[in-house]
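Every heavy atom of this structure was used, including side-chain atoms; hydrogens, water molecules and symmetry mates were not. First the proteins, then the strands, lettered A, B, ... as listed; each starts at 1.
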Number of protein chains: 2
Amino acid sequence: METPHTHDLDAVATTAGNGAKPEDPGAQACRDEVDRLIEAWHRERPDLDVAPLEVLSRVSRLARHLDRARRTAFAEHDLEPWEFDVLSALRRAGAPYQLTPSKLLTQTLVTSGTMTNRIDRLAAKDLVKRLPDPGDRRGVLVQLSDTGRKRVDGAFEGLLAQERDLLGSISMADREALAGLLRTLVLPFDN
Amino acid sequence: METPHTHDLDAVATTAGNGAKPEDPGAQACRDEVDRLIEAWHRERPDLDVAPLEVLSRVSRLARHLDRARRTAFAEHDLEPWEFDVLSALRRAGAPYQLTPSKLLTQTLVTSGTMTNRIDRLAAKDLVKRLPDPGDRRGVLVQLSDTGRKRVDGAFEGLLAQERDLLGSISMADREALAGLLRTLVLPFDN
DNA sequence: CATCGGTATCTCGATATCGAGATACTTGGT
DNA sequence: ACCAAGTATCTCGATATCGAGATACCGATG
């Protein structure tokens, strides 16, 4: 999806990118898809400042690539991304690895119907178990099984290895700067 | 559509975050969800270096928030995100706003079956038209209608306004730094 | 203890996507 | 001209998700 951003005041559209400028300080030599996207919009709508796309389109596109990469990484542990989402929430909760469906759906941002379905399928694979919630007969507790814990731990280690690899081209200092700026952008949403 | 997605993942050590550090230079005072995610993983798996999550989890989460925000912004122009994806690809192509389904599906990263379905629905709403491809009788050309062009132009302006707003808390210099670092991360995927 | 609003979970019909296969046409080689 | 391999698009069954509604239970109030 395209998240365009540019401001146009004239020729600003190419400011941050290494777009058409021939000088290119000492930076990477290559244009990415977003550079092309922005160039196309700038050609078609020279009246608009599409600078915001420089940041936000890249966030969206990178996230999509990360989704695919994670799917591959998890596949080596026979887990789908949605399975990791649920199991990792339980894992992070700590022993005895129990959460209510309600807690799980707020953490995974899916609807209750979806979560019921997911728990059913995870239970069928013996990765979680459904227990009655003592103290609230409406509710249930979803508990990570022993095999579930091992699978999610392995998948998480694989994920970290992959992510470390993806970040390899960026210095420690830049990673921290990046993390800080991203936090600033996320905060208004996270409350 | 949409990339729905859902993933929670990641949490990094506490390196870059303003996690538990009491000093906090002059930065924002608040922890985000990823800080909490990282703290939980660090508690449960102190043997792992979860630092990559500081960056990549934030990218994923921010992208999800952006998806929801865009859905809202597009709704004011009676467009779904997937509709904007297709229409904007046609719009960027420039007059006469024609692309083959193949070009459209490489740009939107969906399968051919999905694209056929999308074109059907867009054509039913008179936002695009299917034309025979002169020069290749297997193929068709998808052309943006006049109302389609107006709708996508309006939606794009709305999107830009929203994105400019979201980036408001970040200085111009930081935006450029952010865009540059994100490009570095995306490049290995984009080829 | 009866009631009523709120909460937790599940049910179920509608829908968008995927993915494998079908169909029709093109292209290069002989 | 013919044929095989490749390409462009569409078809269709399976599936995961959403979202509205149903059911069962909690808790405070009178």
Side-chain angles (χ1 to χ4, degrees), chain A residues 1 64 67-68 70-72 74-75 78-87 89-90 93 98-125 127-143, chain B residues 1-8 64 67-68 70-72 74-75 79-87 89-90 93 98-125 127-143:
Chain A
M1 350 332 321
R64 251 188 314 194
D67 281 346
R68 312 189 95 234
R70 286 199 265 254
R71 174 175 297 277
T72 306
F74 291 148
D78 284 298
L79 283 181
E80 301 279 324
W82 65 264
E83 295 179 297
F84 180 82
D85 283 350
V86 177
L87 298 181
L90 292 167
Q98 293 175 343
L99 286 175
T100 63
S102 307
K103 296 269 186 194
L104 284 172
L105 62 92
T106 62
Q107 289 210 30
T108 55
L109 302 180
V110 297
T111 63
S112 64
T114 296
M115 187 50 68
T116 296
N117 185 2
R118 287 183 173 189
I119 296 168
D120 286 346
R121 284 177 286 157
L122 288 171
K125 294 176 67 174
L127 298 175
V128 306
K129 230 184 328 190
R130 242 190 272 252
L131 306 173
D133 186 342
D136 188 341
R137 268 178 296 186
R138 290 171 299 182
V140 300
L141 289 176
V142 180
Q143 174 164 47
Chain B
M1 25 225 91
E2 282 352 288
T3 21
H5 297 272
T6 51
H7 305 194
D8 68 49
R64 251 185 315 191
D67 281 344
R68 312 189 96 237
R70 286 199 265 256
R71 174 175 297 278
T72 307
F74 291 148
L79 283 181
E80 301 278 323
W82 65 265
E83 294 180 299
F84 180 83
D85 283 351
V86 177
L87 299 181
L90 292 166
Q98 293 175 344
L99 287 175
T100 63
S102 307
K103 296 268 187 194
L104 284 172
L105 62 92
T106 61
Q107 288 210 32
T108 56
L109 301 181
V110 297
T111 64
S112 63
T114 297
M115 188 50 69
T116 297
N117 184 3
R118 287 184 175 188
I119 296 168
D120 286 346
R121 283 177 284 158
L122 288 170
K125 294 176 69 173
L127 298 175
V128 305
K129 231 185 327 191
R130 243 190 272 251
L131 305 173
D133 185 340
D136 188 340
R137 270 178 294 186
R138 290 170 300 182
V140 300
L141 289 175
V142 180
Q143 174 164 45

Any side-chain N or O of [X] under 4.0 Å from OP1/OP2 of [N]?
X         : N       : result
Arg137(A) : dT9(C)  : no
Arg130(A) : dC10(C) : yes
Thr114(B) : dT17(C) : no

Do [X] and [Y] make a side-chain contact, defined as non-hydrogen atoms from C-beta onward lying under 4.5 Å apart?
X         : Y         : answer
Thr116(B) : Pro101(B) : no
Leu99(B)  : Leu141(B) : no
Asp67(B)  : Arg71(B)  : no
Leu104(A) : Leu90(A)  : yes

Out of [options], whichever nucleotide has its closest atom nearest the side chain of [X]:
X         : options                   : result
Arg118(A) : dA20(D), dT17(D), dC18(D) : dT17(D)
Asp136(B) : dT9(C), dT11(D), dT26(C)  : dT26(C)
Ser102(A) : dT17(D), dA8(C), dT17(C)  : dA8(C)
Asn117(A) : dT17(C), dT17(D), dT9(C)  : dT17(D)
Arg121(B) : dT17(C), dT17(D), dT9(C)  : dT17(C)

I need the [atom1]-[atom2] distance between [X] and [N], as an integer number of Å.
X         : N       : atom1 : atom2 : answer
Asp85(B)  : dA16(C) : CG    : C1'   : 14 Å
Asp67(A)  : dT17(C) : CG    : C1'   : 15 Å
Glu80(B)  : dT15(C) : CD    : P     : 12 Å
Leu109(B) : dA16(C) : CG    : C1'   : 16 Å
Asp133(B) : dT26(C) : CG    : C1'   : 12 Å
Met115(A) : dA8(C)  : CE    : C1'   : 13 Å
Asp120(A) : dC12(C) : CG    : C1'   : 13 Å
Leu141(B) : dC10(D) : CG    : P     : 11 Å

Between NZ on residue Lys129(A) and CD on residue Gln98(A), distance to nearest 0.5 Å:
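Lys129(A) atom NZ to Gln98(A) atom CD measures 9.5 Å (nearest 0.5 Å).
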At less than 3.5 Å, do the side-chain atoms of Arg138(B) and the base atoms of dT7(D) form a donor-acceptor pair?
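Pair found.
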Touch class at under 4.0 angstrom, heavy-atom based, for Gly139(A) against every strand present
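Since only primed, P, OP1 and OP2 atoms lie under 4.0 Å of Gly139(A), the category is sugar-phosphate.
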